[in-house]
Amino acid sequence: MLHVDVVTVRRWKSGSTAVPILCVKHLELLDADNVLRCPGVWQGTRVEGSRLVIPYGTDMAFDYAEVDRLSQYRRLYHLHALQTDLVEKLMMERDFYRENCHRQAKFGLMLNKLFG
């Protein structure tokens with residue numbers, strides 16, 4: 001069930017190798033009728049079919065497909081932040097060039113009146 005060989009289990013039993021926390025939590029889930037018992041925010045989390053249900057007043061649930069897409073969500077969040085920064089930078093540059101164009105146009109009109 002944990003996809004480990006017999007030698008690894010013997011090392012865990014003898015104490016020569018520490019049991020990975022992921023394996024401990026998996027076994028706790030099996031023992032606890034799909035309810036996770038651990039301190040902190042994951043306390044009381046349960047599995048219903050392919051959904052992970054986290055109790056926060058109203059239950060929040062995540063499908064496995066959503067968990068599978070977390071890397072894409074993180075990438076999109078990062079791209080959104082980069083795009084926001086780029087838009088702010090472009091707006092600042094636009095305002096700078098607009099101000100300089102107006103200043104140069106006024107200077108050009110002044111020169112045109114003096115020498116024109």
Side-chain angles (χ1 to χ4, degrees):
M1 185 179 342
L2 297 174
H3 302 290
V4 294
D5 57 2
V6 176
V7 176
T8 305
V9 174
R10 285 185 186 144
R11 287 186 195 139
W12 290 348
K13 283 185 176 183
S14 69
S16 62
T17 304
V19 180
I21 191 70
L22 190 59
C23 293
V24 171
K25 295 300 178 189
H26 183 73
L27 291 173
E28 283 179 356
L29 267 176
L30 290 175
D31 184 45
D33 193 29
N34 289 337
V35 175
L36 188 62
R37 283 180 256 155
C38 63
V41 297
W42 297 105
Q43 177 66 32
T45 301
R46 65 184 186 282
V47 177
E48 293 176 359
S50 66
R51 297 168 52 99
L52 180 66
V53 181
I54 303 170
Y56 280 118
T58 61
D59 290 345
M60 282 179 51
F62 301 96
D63 284 327
Y64 179 76
E66 287 181 275
V67 174
D68 195 34
R69 289 189 300 262
L70 273 178
S71 62
Q72 294 173 354
Y73 291 152
R74 288 179 179 160
R75 193 180 92 244
L76 289 174
Y77 179 79
H78 179 69
L79 289 174
H80 175 266
L82 290 175
Q83 190 175 31
T84 303
D85 292 344
L86 178 62
V87 168
E88 285 182 17
K89 180 181 173 189
L90 290 173
M91 289 176 67
M92 288 173 52
E93 288 178 3
R94 178 204 61 192
D95 293 343
F96 173 78
Y97 288 117
R98 181 183 292 161
E99 184 181 321
N100 279 336
C101 285
H102 287 298
R103 188 177 297 135
Q104 289 178 6
K106 287 178 185 178
F107 184 70
L109 284 173
M110 184 180 70
L111 285 177
N112 206 11
K113 285 182 182 178
L114 287 175
F115 299 110

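No more than 12 heavy atoms of other residues, nucleotides or ligands lie within 6.0 Å of CD in Q83, so this atom counts as exposed by the packing criterion. No more than 12 heavy atoms of other residues, nucleotides or ligands lie within 6.0 Å of CG in L22, so this atom counts as exposed by the packing criterion.
You'll find the side chain of F96 stays beyond 4.5 Å of the side chain of C101, heavy atoms only. Contact of the V9 side chain with the V4 side chain is registered, since non-hydrogen atoms from C-beta on lie closer than 4.5 Å. Between M91 and E88, the closest side-chain pair of non-hydrogen atoms is not below 4.5 Å. Side chains of F107 and M110 form a contact here, defined as non-hydrogen atoms less than 4.5 Å apart.
To the nearest 0.5 angstrom, R10 atom CZ is 9.5 Å from D5 atom CG. The line from CG of D95 to CG of N100 is 11.0 Å long, rounded to the nearest 0.5 Å. For the atom pair CZ (R94) and CZ (R98), the distance works out to 4.5 Å, reported to the nearest 0.5 Å. With rounding to the nearest 0.5 Å, the separation of OH in Y97 from NE2 in H102 is 15.0 Å.
The heavy-atom pair separating A18 from W12 by the smallest distance is O-NE1, 3.6 Å.
Shown are L82, L76, T84; of these, the side-chain contact (heavy atoms from CB on, under 4.5 Å) with H80 is made only by T84.
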